[in-house]
There are 2 protein chains.
Amino acid sequence: MPPICVHDSEGELLRGEFPDGEIVKGIRRLAQELEISIGTVSRALNGKPDVNEKTRQRVLEAAAAMGYVANQAGRSLRQGSTNAIGFMMESGSDTAGNSDNFFLGVFDGVQAVFSRHHLDLVVLPCSTEEDPTQYLQRMVARGMVDGLIISATHRRDERIELLSSARLPFIALGRSGTSGPHPWIDLDFEGVANRAVDRLVAKGHRRIAVGVPSNDINLGFIFLDGYKAALERHGIPFDPALVIRAKSTDQGGYQIAHELLALPDRPTAVVLIYELMAVGLYRRFNEAGLRPGRDIAVIGFRESPQSRFLSPTLTCFRMSLRDLGIALGESLLASMPAYAEVYPQGLVRRIWPLELVAGESDDFTVDV
Amino acid sequence: MPPICVHDSEGELLRGEFPDGEIVKGIRRLAQELEISIGTVSRALNGKPDVNEKTRQRVLEAAAAMGYVANQAGRSLRQGSTNAIGFMMESGSDTAGNSDNFFLGVFDGVQAVFSRHHLDLVVLPCSTEEDPTQYLQRMVARGMVDGLIISATHRRDERIELLSSARLPFIALGRSGTSGPHPWIDLDFEGVANRAVDRLVAKGHRRIAVGVPSNDINLGFIFLDGYKAALERHGIPFDPALVIRAKSTDQGGYQIAHELLALPDRPTAVVLIYELMAVGLYRRFNEAGLRPGRDIAVIGFRESPQSRFLSPTLTCFRMSLRDLGIALGESLLASMPAYAEVYPQGLVRRIWPLELVAGESDDFTVDV
DNA sequence: CGCAATTCCGTAAACGTTTACGAGACTAGG
DNA sequence: CCTAGTCTCGTAAACGTTTACGGAATTGCG
């Protein structure tokens, strides 16, 4: 353990020894310096009412002077709560590169909320070696965090069952099939799918392909449902051959384009669920001499640094990652008893809207 | 504090009550279940030698059965060390968007190392509101972490002085002017600047501009020094007017291009220190009807998802973010006494090499 | 002045671990 | 049989906080 006081160059006065030579650290040292009891010091620092305002000032000044901050371990042990929130993020190779800016953007917002309440953020990496649920179980049992943010929810997500039965406050970024009474925020996949299909149908398209993730992450199902519903609304029969499953990377997009080109009756439009797919898709189409917006219509999902500089520009949907992070943080706190009065929003379940950004990639019109 | 045992649905047997009805948690509960003392349980779990192998097995099985994991706060308090490493990352608006994939990539490698040693990762956000050094001081005083990774080192970096005097193991991603005897790893900015200039000079360029960050982050100075040295090596006089300072974003790149276009004697080549600058630079040049590689030579810095899909393709330098993260993690551990024998590398100070990726953006040749 | 109410502060017990110490039960060697 | 040594394990003291409790000092009121 590092020495509590870093600036210990002031000599004998602040050395903090008892008359018998014993070296004292932490709050005991501070109390000794001030010649009051540690109980009073603690109460003074924690803003408890039963302490004289004058002594409180003395304590605060002394604490500031010697850079005293309460040791977190002692604090956590006594109060039974760490001042930390866990953020579980997957870093699998499936989504690597794609999730990059997404997570860091959300992170930023989450941090903004937490730092306001002096909460620390612990990153829980979802390594590929261990089962995520077991890892989570360990963290919960260790008492590492007071709350959790999980993301990339799956259709049936054991993590949700675990956390629910452990009664640990948490919020999920993404809906799940096993949706109990827990807060979540999810992107408006149905809305995006619907608007994308609407837009394409309005341009005369009838054969609209869709690129979805190949794993069982829940957003794929939701997106696909929205896609099907939109088709049905327009009286277009659903063709399973037009659903292409691939990794959510640019390679995945490349593969999607590849499979689309191989179809006997090639679709005239394609909707992607990951913007990164668009990059690889463009590349493959380019190799085939096809240009998005001229020979085929393409609509991506989220606007991102990668997608923003594609040529021709990609029609996609925009959102503020930071705002999403802020909402996540605040909604989690709202579900924690200790912050219930600061964020009296109750149980938050929110669909996060996205705004259409029209690009050139879906300019392609089909004669009806 | 969440209940230690999550699966408490097995009824009376595992309820963990003392004869007088008191509810027991943690290691005490486990000891009670096994009818041995908590000291033995602790020793068994921690692999201490003086425990019978048979009882150790019993303990391990029981612990696994009831999902017991030692509470971290109690553990930290007793041993004086948390099992956590802090990663300080800046999230200022200056570098937002740019640092995104960089940090997450490095993160990935760091995590890979830490998870191997069951170390947790705490993210220390460098918010714009508080002084980073003070924030760090608080974290150190709280005893939050056993070690630290700091990044984006400045020319004179108070954080380094603080951590050195606090004797907390740390590693810096980036050199600093105030380089004490601490480990660091930094990218090979001199090498990149030299190779970039060499390459351009070989194509006949004599007026080579350079885009550097406008803040006092140290890498800007190092890069510039390399640039100057390379010029001198080729007998080209240094022209301060060709040094353009801007934000390390695409807007910054846009501004750089703008300023270059306004110069009376326009340079024929430009070297950038942030790949994201290239994006904005391309845009401004495009507006002016200039095409990189045809009308002006451009060399970016790091290959990134954004830069990879620029057209014409950007000549830049490639590196593995994950490997850098791994090196950072291992080198930090090497500087911690507890891991000295696992990573016997001593004090690491490493220049991280980058590999040239030739693109089209510097195809432009000047007649000599 | 007497008594109750209030204000302030010290005492000590937790919180869940790890670990130094010592004690008991063996074994071995004489 | 005695003693020294070796295995085990239990006991209890830390680690640095917070907080319930009670006591002393002060104030307010009749």
Side-chain angles (χ1 to χ4, degrees), chain A residues 1-5 16 18 22-59 63 66 68-83 140-144 146 338, chain B residues 1-5 16 18 22-59 63 66 68-83 140-144 146 338:
Chain A
M1 169 135 309
I4 293 299
C5 177
F18 269 131
E22 189 187 2
I23 293 189
V24 182
K25 292 186 301 182
I27 199 175
R28 211 162 255 119
R29 157 95 174 275
L30 190 52
Q32 181 191 348
E33 219 77 42
L34 290 163
E35 294 182 324
I36 54 182
S37 79
I38 61 172
T40 306
V41 174
S42 176
R43 278 191 299 265
L45 291 175
N46 291 16
K48 293 299 161 75
D50 52 350
V51 46
N52 192 337
E53 207 49 44
K54 188 156 162 287
T55 56
R56 187 196 301 279
Q57 286 310 319
R58 276 184 59 217
V59 172
M66 57 195 284
Y68 169 79
V69 190
N71 174 280
Q72 186 57 42
R75 195 162 228 270
S76 302
L77 185 56
R78 170 62 220 229
Q79 339 196 87
S81 73
T82 68
N83 251 258
V140 172
R142 281 211 298 163
M144 280 296 293
D146 291 344
Chain B
M1 168 134 311
I4 292 299
C5 178
F18 268 132
E22 187 187 3
I23 292 190
V24 184
K25 292 186 302 184
I27 199 174
R28 211 162 254 119
R29 156 95 176 275
L30 189 51
Q32 183 191 344
E33 219 75 42
L34 290 163
E35 295 184 323
I36 53 182
S37 79
I38 61 171
T40 306
V41 174
S42 175
R43 279 191 298 266
L45 291 174
N46 292 16
K48 292 299 161 74
D50 52 351
V51 46
N52 192 335
E53 207 49 42
K54 189 156 162 286
T55 56
R56 186 195 303 279
Q57 287 310 320
R58 276 183 60 215
V59 171
M66 56 195 285
Y68 168 80
V69 192
N71 174 280
Q72 187 57 41
R75 192 160 230 270
S76 301
L77 185 55
R78 169 64 220 228
Q79 341 195 89
S81 73
T82 68
N83 250 258
V140 172
R142 282 209 298 162
M144 279 296 293
D146 292 344

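Lettering follows sequence order; numbering is per chain, from 1.
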Could you grab the distance from atom CG of A:Leu77 to atom CZ of B:Arg78, nearest 0.5 Å is fine? 13.0 Å

According to a strict under-4.0 Å criterion, is A:Thr55 in side-chain N/O contact with OP1 or OP2 of C:dC9? yes

Quick one: the side chain of B:Arg43 and the base of D:dG10, do they pair up donor-acceptor inside 3.5 Å? yes

Has the side chain of B:Arg78 got a donor or acceptor atom sitting under 3.5 Å from an opposite partner on the base of C:dT17? no

Assign each of B:Leu77 and B:Glu35 the nucleotide of DNA chain D bearing its closest heavy atom; nearer the 5' end lies the nucleotide of B:Glu35

Taking the side chain as C-beta and beyond, is there a heavy-atom pair between B:Lys54 and B:Gln57 under 4.5 Å? no

Which is it for A:Val41 and A:Tyr68 under the side chain to side chain contact (heavy atoms under 4.5 Å, CB included) test, yes or no, and what are the steps along the way? CA-CA 11 Å; A:Val41 174; A:Tyr68 169 79; 5.5 Å; no

I want to check one thing: is the phosphate of D:dC9, taken as OP1 and OP2, less than 4.0 Å away from some side-chain N or O of B:Thr40? no

Name the one of A:Arg28, A:Gln32, A:Arg29 that satisfies side-chain contact (heavy atoms from CB on, under 4.5 Å) with A:Ile38? A:Arg28

OP1, OP2 of C:dT18 versus side-chain N and O of B:Lys48: anything below 4.0 Å? no

Rounded to whole angstroms, how far apart are CD1 on B:Ile38 and P on D:dA12? 11 Å

How many Å lie between CZ on B:Arg75 and P on D:dG16, as a whole number? 17 Å

Between C1' on D:dC7 and NZ on B:Lys54, what's the gap in Å once rounded to a whole number? 15 Å

Give the intermediate values and the outcome of side chain to side chain contact (heavy atoms under 4.5 Å, CB included) for residues B:Leu34 and B:Thr40. CA-CA 10 Å; B:Leu34 290 163; B:Thr40 306; over 6 Å; no

With the side chain defined as heavy atoms from C-beta on, B:Ile36 is closest, among D:dG10, C:dT18, C:dG16, to D:dG10

Expressed in angstrom and rounded to an integer, what is the separation of A:Arg28 atom CZ from D:dA14 atom P? 10 Å

Can you tell me the distance, in whole Å, between the CG atom of B:Asn46 and the P atom of C:dA20? 12 Å

Under 4.0 Å from OP1 or OP2 of C:dG16: is there any side-chain N or O of B:Tyr68 that close? no

Using a heavy-atom cut-off of under 4.0 Å over every strand shown, decide if B:Asp50 touches base, sugar-phosphate, or nothing. base

C:dT7 phosphate, OP1 or OP2: any side-chain N/O from A:Asn52 under 4.0 angstrom? no

Taking only the side-chain nitrogens and oxygens of A:Asn71, find out if one of them lies under 4.0 Å from OP1 or OP2 of D:dC15. no

A:Arg56 or B:Ser42: which one's nearest nucleotide on DNA chain C is closer to the 5' end? A:Arg56

Give the nucleotide from the list D:dT17, C:dG16, C:dT18 with an atom nearest to the side chain of B:Ala70. C:dT18

Give the rounded distance in Å between these two atoms: CG of A:Leu45 and P of C:dC9. 13 Å

